[in-house]
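Order of the sequence lines fixes the chain letters, A, B, ..., with proteins taken first and strands second; residue numbering starts at 1 for each chain. Side-chain atoms are counted along with the backbone in the values below, which use heavy atoms only and exclude waters and symmetry mates. All of these numbers come straight from a predicted model, not from anything done at the bench.
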Amino acid sequence: MLTLQPSLPITLKVPLAVAALMMLVGAVISEQVLSRLAETQERHLAELSQSYLDGLSSAIAPSILREDNWEVFDAIERTQAVNKSLHPKETIVTNADGAVIAASNPKVHPIGTVIPVWRARDASNESFSFRAGADDAKAVRTLSYPGRVAGIIYATFDTRHLASERRDVVLALLLTNGILTSLLAAAGWLLVTRMMRPVRVLSEHLGVAHATSALPISDEIVAKTRGEFGHLFRAYNSLVRSMKEKEELAKRLAEEKRLNSLGRLASAVAHEINNPLGGMFNALSTLKAHGHLKNVRDVSLGLLNRGLVGIRDVVRTTLTVYRSDGATRDLQHADIDDLGLLIGPEARRKSVEIVIANSLNGAMPLPSTPIRQIVLNLVLNAVAAAPAGSVVNVAAAADDTGLSIVVTDRGPGMPPEAADILLSSSGSPPPYDGGGLGLWTISRLIADLGGTAVVQNPAIGGTVVSVNIPTATAELSNVA
Amino acid sequence: MDQHPDRRFGRREILLASAGMLLGAVTSSAAESRSRAPIRFGLTPVFLTSDLELLGRLQSYLQQATGYPVDLVMRRTYQEITALLTSGQLDAAWICGFPFVMHRSELQLVAVPLWQEKPLYQSYLIVDRDRQAEGLSDLRGDVHAFSDPDSNSGFLVTRAALAEQRVRPEAFFSKSMFTYGHRDVIRAVASGLAGSGSVDGYVYDVVAQMEPELTAGTRVLKASEWLGFPPIAAPRLPTDADRLKELTRALHRMRHDPEGRAVLGLLKLDGFEAQEAKLYDPIAAKAALIAEAG
């Protein structure tokens, strides 16, 4: 009974527990009452039957010796008549040999018949037998005179009224217990419902909080509730208020972050567009000054063309990142060489020399735009980190497995947190503070292409960043 | 009693008369009752003695009609009552024809009840209602219930019928018992304790009227010839002639008195009348028969 289903509400559990306890108590009390009743009935019946047998014995004693059938019969009838309360059912008087002298129903036990042995066996001693709830009780009395047995009395008493009395008591007990159990269970339900009302209020509010947003408990209810639950309600309301404040703060922060991300994206895009712009303006000035020279014009137009293509590619890349569509072009030898031109102005501004070792031969089945972005960003970082007058080496090589790009600078070495951003997997969020956005973009692009990056800080100083992009067809189709 | 005057009676009468004169002849009958010796009237349980109302009213009627206090004396058997009667301890007793004829020399008839306007009754041989039997001979081996060894209808008639066949009851019946009451004979047969019984026909018919449920389980197998009704007898030499005279008159006048009629109504009798002793000759013949049979 104490292992009630945990899913049941406490308002049911308590009344059920009360009912179960009451039933247990009722069962124990009923058992006690019934066993006491059975004892009382048996004792009462035994006493009455003994007095019945005493009366009959003294009435028939003289007649039994004479075997006066009529007197014995008359005595049985009279004794039965005056002992109606005992409900005598059958009385048989036999002589010492078991032959009937007279019986209350002579048609069943005629004079002289010997009654069955099993009953006569009881005659050796006085006995009384009664079982609670049985329909009859039996008593046997041997009439002895010094020296010999004169006769035996067998009496059967109808105890159906006792059985029905027992049934009445059982019914009364059942009714009383049932009513009491129901009343107590109802009282338990009322009490618990009343006691649990604040908990239900709290629970409902928490349920609402789970589904939507937490609502404070109305002041009216709080004012009405005293004691522990009053404290609890006030505590809950202050919790709700503080949660609301936090929620609003979080909303504001999210908004700011969104704006920040947009800004950074725009800055990255601008950065990517700005990078080739220096070279392109340079080409335009060269065209203005030496446009009449065919070879100069051709080189400058090619440079402008590649710069514009780069810008288009950045735009496309941005679209690809945010829209996941657009055409791709295979990587060309010139894509790497162009980077020298794109970064040239920046490198010259910082007095850094860029040495490109481009061993690519023809087109490679790799998308040119993300690789150009990777290399561009890596080189821009290297140039930014390199001290004036140093050299930044860019090596691009291809083999059967894929493309290998190594960018080496002589700077102070990539800080570990920056290296972490570069080496982190594609699932990590962009850095909060906007710093390292370039590195994060590289790491995402490398991951998208299924490649790997290694950052080394050699003992001689500077940073070596190696990127390997595999050319497996399946992987390419995955990244496209 | 008229034939047998008692000297003591005369003296008492004179004394009482003198006393009455001394008291200015204003002595009430109640005062007389108190001063007189009571009439002792014997009854046996063979008869309808279980009815206390009847006994009370009979006593009350007899006291009022005789002017004497009346003691109703009851004993268990005819024998005891007959002994009291013949020994002069009773003024009169309602006995049976059998003891009357047996003690004829010591007794005189006082009155004979009239049943259905006749001083006669029958003895019934009764059996269980469903029993297949046509006569006494079918009852061989029975447990038989007699009412009293001194009863005509409850013993003598059946005993004489067996004697005519030269059989003794103890040989004919497997067992016989005496219930010392006609009503109890009916009870014994109705309950099945006895297979058959000999009973007073008048008692049986009255019980059949009063307690039909008791006789319902029985039937009359055989009714005897009509015999003299159990009489009221007195010692041939009355203990007190005046008391007997008053008692006799009270009995004979019973049917003319409202209270008497009420008692008769309870008894289902029509009255009491004087009869010749020869009314009991057939009973005497039966008694002679069994005496002869031994």
Any donor-acceptor N or O pair under 3.5 Å, side chains A:Y52, A:T91 | yes

Contacts of B:H103 meeting ring-ring contact (aromatic ring centres under 6.0 Å, His included) (sequence neighbours excluded), chain-then-number -> none

What residues of residues 174-188 of chain A sit under 4.5 Å from chain B when you count only heavy atoms?
-> none

How about A:N95 and A:E67: does a side-chain donor come under 3.5 Å of a side-chain acceptor?
-> yes

Run the salt-bridge test on B:E211 and B:R183 with the 4.0 Å N-O cut-off and return the result as yes or no.
-> yes

Among B:F173, B:F178, B:F172, B:F155, the one residue meeting ring-ring contact (aromatic ring centres under 6.0 Å, His included) with B:H144 = B:F173

Side chain to side chain contact (heavy atoms under 4.5 Å, CB included) test vs A:S57 passes for just one of A:T142, A:I64, A:V93, A:L143, namely A:L143

Sorted by number, residues from residues 73-84 of chain A in contact with chain B (heavy atoms, under 4.5 Å) = A:F73, A:D74, A:E77

Classify the angle between the aromatic ring planes of B:Y121 and B:F229 as parallel (below 30°), tilted (30 to 60°) or perpendicular (above 60°).
-> tilted

Listed once per pair and sorted, the ring pair (Phe, Tyr, Trp, His ring centres under 6.0 Å) pairs that draw on residues 29-50 of chain A, sequence neighbours left out | none

Heavy-atom distance under 4.5 Å between the side chains of A:I101 and A:N69, does that happen here?
-> yes

Check the pair A:R43, A:E39 against salt bridge (Lys or Arg N to Asp or Glu O under 4.0 Å), reporting the backbone distance first and the verdict last.
-> CA-CA 6 Å; A:R43 198 177 57 242; A:E39 265 172 43; 5.1 Å; no

Which bit of B:D128 comes within less than 4.5 Å of chain A, counting heavy atoms only: side chain, backbone, both or neither?
-> side chain

